[in-house]
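To start, the structure under review is shown below, and the notes come after it.
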Amino acid sequence: MTTRPESCDNLNVCSKSSTTSSGSSERKAEVDAKWIRTLAGYATENQPTRKGTTIADGAPEEMALRLNMSPNKAAAEIIFARDVMERLPRTLDALAEGVFDLSRVKAMRDYTEPLDPDQASEVEKRVLDNGPRDNVTKFKRGLAARSSVWTRRGRSSGASSPRANGTS
């Protein structure tokens, strides 16, 4: 069973319900970044103890109860937050600064997921240098162009697009 970390206390402050109250896209992005950092901190404080698991036993269930969501949704949120925090720290900073919105962060994570950390970092750098683009579709096209260089080189993911296995 997991212990209750201090970051759990912050979940009420940055719960998803508070992200739409301000009306400002910059404020929403800032709160989304805080949400990701809080969940990633929770994942860091609650490391799995069993081999082959990515989340500590009981962590998704604890989050689900506190946040009124299913354990599967909580697990997906925790994994997403941990991945963004560990693999895409500059993207998370761009979210906190209001440069990117959450949909662009999710796209960045999805397109870099099959890449190793160094490749993901290089894609992140190149995409961040070009900014958020006019819309998410153009942003995803830029991501696809930059990430496909590595997915064509020796990576046989079998998927034609990110998250082809139906999870997101």
Side-chain angles (χ1 to χ4, degrees), residues 5-7 10-11 14 16 19 25-56 59-60 63 72-168:
E6 291 177 21
S7 63
N10 296 331
L11 292 173
C14 63
K16 285 295 189 177
T19 61
S25 60
E26 289 82 15
R27 175 70 180 134
K28 181 178 183 327
E30 180 184 335
V31 172
D32 285 341
K34 185 174 181 178
W35 170 255
I36 289 170
R37 286 186 172 116
T38 300
L39 285 178
Y42 179 78
T44 300
E45 293 170 6
N46 293 281
Q47 294 291 318
T49 56
R50 291 184 302 123
K51 267 188 168 181
T53 59
T54 59
I55 303 175
M63 283 295 132
N72 287 343
K73 174 69 173 162
E77 292 271 337
I78 293 167
I79 291 168
F80 169 76
R82 187 197 57 215
D83 288 353
V84 170
M85 185 87 163
E86 291 176 358
R87 292 175 49 96
L88 304 167
R90 291 175 292 196
T91 300
L92 184 54
D93 291 342
L95 176 65
E97 295 164 8
V99 175
F100 284 176
D101 59 8
L102 189 57
S103 63
R104 285 170 175 80
V105 174
K106 287 180 178 181
M108 180 80 82
R109 188 275 192 132
D110 291 348
Y111 278 84
T112 59
E113 188 175 33
L115 307 177
D116 70 38
D118 291 335
Q119 294 167 340
S121 181
E122 181 63 27
V123 169
E124 177 185 45
K125 180 187 179 319
R126 289 181 182 197
V127 170
L128 287 172
D129 287 348
N130 288 324
R133 306 275 171 74
D134 294 337
N135 58 50
V136 177
T137 301
K138 288 182 181 179
F139 183 78
K140 287 179 179 180
R141 284 185 193 141
L143 268 170
R146 283 159 181 79
S147 64
S148 67
V149 171
W150 285 287
T151 55
R152 286 187 300 225
R153 285 191 210 156
R155 291 245 188 228
S156 58
S157 65
S160 58
S161 66
R163 313 297 276 172
N165 61 2
T167 60
S168 181

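Count residues from 1 along the sequence.
In this structure, CG in Asn130 is found 9.5 Å from CZ in Phe139, a value given to the nearest 0.5 Å. Put simply, CG on Leu92 and CD on Glu124 are 9.5 Å apart, with the number rounded to the nearest 0.5 Å. Taking CZ of Arg87 as the start and CD of Glu113 as the end, the distance is 7.5 Å to the nearest 0.5 Å. Interatomic distance, Ile36 CD1 to Leu102 CG, rounded to the nearest 0.5 Å: 5.5 Å. Interatomic distance, CD of Glu26 versus CD of Glu30, reported as 10.0 Å (0.5 Å rounding).
Without hydrogens or angle criteria, Thr44 side chain to Ala40 main chain gives a donor-acceptor distance under 3.5 Å. Put simply, the side chain of Arg82 never gets that close to the backbone of Ala43: no donor and acceptor are under 3.5 Å apart.
No salt bridge links Asp101 with Lys106; every basic N to acidic carboxylate O contact stays at or beyond 4.0 Å.
Arg90 pairs with exactly one of Leu95, Val127, Leu128 by the side chain to side chain contact (heavy atoms under 4.5 Å, CB included) rule, that one being Leu128.
Leu88 has its side chain out of reach of Val105: every pair of non-hydrogen atoms, C-beta onward, lies at least 4.5 Å apart. Residues Glu77 and Trp35 meet the side-chain proximity criterion, which asks for heavy atoms closer than 4.5 Å.
Looking only at atom types and distance, the side chain of Thr91 has no donor-acceptor partner in the side chain of Arg104 under 3.5 Å away.
When every heavy atom of Gln47 is checked against every heavy atom of Ala56, the shortest pair comes out as O-CB, 3.6 Å.
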